[in-house]
Student: 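One structure, as structure tokens, below. Some questions next.
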Amino acid sequence: MNAHLGNDAAPVLPLASRQDGEYPRPQMMRSRWADLDGTWSFRNTGDDPAWRNGFPDARDIRVPFPPESVASGIDEPGFHPVVWYSRQITAADLTAAGFGADAPRVLAHFGAVDHRARVWIDGQFIGEHEGGHTPFTLDVTEALAGGPNTGTGTGTGNSGADTGGTGSGTGTGGTGSGTGTGGTGTGSTTSHTLVVRAEDDPHDLTQPRGKQDWHEQAHDIWYRRTTGIWQTVWLEAVPMTAIRALRWTNVDHETMRLTVRLTGEHSAGTRLRVEATWTEHDEHLATVETTVGPTAHECELVVPIARQANGQAEQELQWSPDTPRLVDAVVTLVTPTGAAADAVSSYFGVRTTRIGGGRFLLNDRSIDVRSVLNQGYWPDSHLTAPTRQALRREVELIKELGFNAARNHQKIEDPRFLYWADRLGLMVWGEAPGAYAFSPTAVQRLMREWMDAVERDASHPSIVTWVPANESWGVQHIATDPAQQAYARALADVTRALDATRPVISNDGWEHPDSDILSVHDYEGDGDRLARTYADDEARTRLLAGLGPADRLILVGGAVDRGQPVMLTEFGGVNHQPGAHRDDAWGYTTAADGDDWIARVTALYDAVRASSFLAGSCWTQLTDTMQETNGLLNADRTPKEPIERIRRAVLGH
């Protein structure tokens with residue numbers, strides 16, 4: 001399906017709310033892009049600066065699968081401190097990207113490269129990026145044209161559409177008959193060598209690494225590493241003056257705020273127009289236009305949704321897990337003559353999230369947050385989904401099992417997963433991959449990467465809660481160390497500064513210095529004992545006033561009980577292996593067989609349902625992950641028992 005621009009002469013854009021899940025940046029779509037995933041050249045032995053021009057004796061690797069994985073074709077799970085990639089950019093790639101007179105600038109987008117990346121084209125340094133879980137973008141126009149690049153810089157990856165700096169040097173190729181603007185045409189008859197060098201020190205505990213093991217062999221609750229390129233690499237051609245990034249914010253029940261970032265020069269009188277349509281009902285909702293200041297590179301528009309104003313039927317359009325309504329939007333940059341200089345297709349959801357009365361409120365109504373821990377790890381492809389369709393199936397499985405939410409654990413997930421959560425109706429807790437050391441370097445790295453992640457994902461209606469830290473990882477002495485308490489509070493506060501519309505958990509599980517939701521991790525395996533711990537208000541007072549289930553304080557650093565919602569955000573973890581048994585199988589308790597396993601799951605959920613104060617829960621976990629065999633599904637996503645039985649245990653009916 002497609003969305004038309006206001007200008008009939010402008011190109012047709014894809015309909016963002018009904019895309020097929022292939023586009024790497026689902027909330028800011030153009031009609032053309034070039035997918036660079038597939039076979040690349042690869043080296044993981046040695047480190048030679050001369051390889052920036054390409055390298056001999058290379059092996060094939062399937063991007064975006066990490067070299068540790070079977071899916072990559074490399075399948076070497078050991079340490080890879082430095083890896084090199086190379087691929088040709090061809091005339092066909094540029095054509096697919098939409099390069100031409102109306103779109104003469106070429107951007108190279110990297111979904112995620114773990115952990116530090118440096119990029120060259122034809123030996124010219126283009127830019128670099130640090131942060132293994134966030135996107136970055138580099139303008140490669142001049143390098144592809146074969147002309148000199150000037151200046152230096154780095155791509156920071158804001159919203160998946162920021163433009164990084166260009167490296168210095170003289171091109172070695174790429175002249176041709178390409179057209180361009182301002183003397184920077186791109187070659188159309190010559191291929192160009194794109195080279196990426198990635199560093200990923202497996203022993204550096206200041207890197208935000210999440211569950212990736214720093215031992216050579218996976219142990220306990222950690223799993224094999226994901227090094228280098230692990231999300232889609234793609235090209236996009238854009239006009240000289242272009243829309244660089246979008247950010248949707250729910251102001252209230254009837255108002256959206258759109259922040260638009262621009263790049264390039266624009267004339268006085270340039271305008272920005274937004275058209276919002278509820279495509280499902282073929283209902284035009286709003287057209288808003290504003291003049292862009294001649295030197296402005298960021299502007300905001302307030303988008304009122306008039307049909308929501310009286311509140312009598314506002315639930316018809318509101319986004320929720322049961323009614324995941326999405327509104328399509330076309331954002332157009334209009335020249336003083338009325339022509340469309342640039343346009344993108346987007347979508348948003350009208351919904352609010354907050355806390356009140358000890359409950360989590362979605363659209364001002366209490367909702368029981370019934371979540372599952374989702375590590376987003378696949379046995380043959382690690383942090384990368386085996387196919388793009390697998391991301392949709394993951395969301396579908398979570399809902400089929402009876403959950404209305406997922407906690408994406410220690411991973412900043414592929415945006416295409418969030419698209420399916422938006423479209424199919426799944427609330428998501430966005431969580432940072434933690435570092436394990438506390439130092440100035442660790443603080444700076446996680447803070448920077450987390451800020452980029454929040455900026456990238458804040459427009460998704462499915463994201464309802466932010467979790468910048470988990471179980472005191474990287475702040476091991478937070479109970480007594482004022483510096484670590486300050487760091488956790490700072491992470492929570494900078495999250496609120498970037499996004500004031502969602503609750504923030506400062507340290508999921510225990511030792512909360514400043515949390516909007518007081519979350520507890522409790523792997524008690526006996527349903528009756530679990531029920532007593534969370535029975536009533538008296539039990540709540542005991543829980544928050546002393547040591548929690550893991551012998552950790554729930555409140556630290558002067559934090560007090562302000563009546564926040566309390567949620568059991570990790571529980572269960574019952575080991576069950578219905579098929580082949582692993583000798584290193586790991587779980588918090590172990591079931592004897594399938595019936596015993598269902599009985600244990602049911603008893604633990606009965607305890608949660610019996611609580612008078614728990615506002616939500618999160619079962620550990622969705623799938624088996626290597627030696628962690630406590631999933632509801634096997635590692636290959638097949639259910640361990642019929643889905644109907646698991647669903648009844650989760651829902652109680």
Side-chain angles (χ1 to χ4, degrees), residues 210-211 220-222 360 368-375 403 405-411 429-434 436 465-479 484 488 491-492 503-527 529-535 539-540 542-557 559 561 564-575 586-589 600-601 603-605 607-608 611 613-622 625 628 630-632 650:
K211 295 287 290 290
D220 291 344
I221 61 169
W222 288 274
F360 180 86
D368 177 32
V369 179
R370 197 168 53 254
S371 183
V372 66
L373 194 78
N374 178 29
Q375 303 208 42
F403 299 102
R407 178 177 163 216
N408 283 351
H409 185 46
Q410 290 298 296
K411 179 188 180 185
W429 289 30
E431 182 173 328
Y436 293 106
T465 305
W466 296 117
V467 185
N470 171 72
E471 287 189 349
S472 304
W473 292 3
V475 284
Q476 291 86 342
H477 303 294
I478 192 173
Q484 295 186 15
L491 275 169
V504 180
I505 297 175
S506 61
N507 185 29
D508 194 62
W510 49 66
E511 296 173 339
H512 295 275
D514 180 20
S515 283
D516 299 321
I517 296 169
L518 301 179
S519 57
V520 183
H521 295 178
D522 188 346
Y523 285 104
E524 171 58 58
D526 183 273
R529 284 198 290 268
L530 191 72
R532 289 193 292 272
T533 301
Y534 302 95
R540 182 185 188 279
R542 286 196 305 270
L543 175 70
L544 300 183
L547 292 174
D551 284 335
R552 304 279 193 123
L553 292 167
I554 303 300
L555 300 172
V556 300
D561 178 9
Q564 300 103 306
V566 176
M567 294 191 187
L568 185 58
T569 54
E570 285 188 28
F571 80 115
V574 182
N575 171 29
W586 196 91
Y588 293 92
T589 60
R600 288 169 181 262
V601 175
L604 293 174
Y605 264 108
V608 170
S611 172
F613 68 86
L614 283 177
S617 63
C618 181
W619 181 268
T620 303
Q621 59 184 324
L622 178 65
T625 305
E628 280 192 271
N630 51 20
L632 298 173
V650 171

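Keep in mind the model is a prediction, meaning the values are calculated, not measured.
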Student: Over 60° means perpendicular and under 30° means parallel, so tell me whether Trp222 and Tyr436 are parallel, tilted or perpendicular.
Tutor: perpendicular
Student: First locate atom CE of Met567, then atom OG of Ser371, and finally report the distance between them rounded to the nearest 0.5 Å.
Tutor: 9.0 Å
Student: From Glu511 CD over to Ile554 CD1, what is the distance, rounded to the nearest 0.5 angstrom?
Tutor: 8.5 Å
Student: Looking at Gln476, is its backbone amide N or carbonyl O close enough to the side chain of Gln484 to form a donor-acceptor pair, meaning the two atoms are under 3.5 Å apart?
Tutor: yes
Student: Asp516 side chain to Val504 main-chain N or O, any donor-acceptor pair under 3.5 Å?
Tutor: yes
Student: Between the main-chain N or O of Gln375 and the side-chain N or O of Gln410, is there a donor-acceptor pair closer than 3.5 Å?
Tutor: no
Student: Using atom types as modelled and distance alone, determine if a side-chain donor or acceptor of Asp522 lies under 3.5 Å from a backbone N or O of Glu524.
Tutor: yes
Student: Should Glu570 and Arg407 count as an ion pair when the cut-off is N to O under 4.0 Å?
Tutor: yes
Student: So, Lys211 and Glu628, do they make that salt bridge, N to O below 4.0 Å?
Tutor: yes
Student: Before you tell me yes or no, could you show the steps for Thr620 and Tyr523 under side chain to side chain donor-acceptor pair (under 3.5 Å), namely the whole-Å CA-CA distance, both residues' side-chain angles and the distance that decides it to 0.1 Å?
Tutor: CA-CA 9 Å; Thr620 303; Tyr523 285 104; 2.7 Å; yes
Student: Can a donor-acceptor pair be found, under 3.5 Å and without considering hydrogens, that links the side chain of Tyr605 to the backbone of Arg600?
Tutor: no
Student: If the test is side chain to side chain contact (heavy atoms under 4.5 Å, CB included), which one of Val574, Thr569, Leu373 qualifies with Trp619?
Tutor: Val574
Student: Hey, could you give me the CG/CG distance between Leu604 and Leu568, rounded to the nearest 0.5 Å?
Tutor: 9.0 Å
Student: Ignoring hydrogens and angles, tell me if any N or O in the side chain of Ser611 forms a donor-acceptor pair with the backbone of Tyr534 under 3.5 Å.
Tutor: yes
Student: Spell out, as yes or no, whether a donor-acceptor pair under 3.5 Å connects the side chain of His512 to the backbone of Ser519.
Tutor: yes
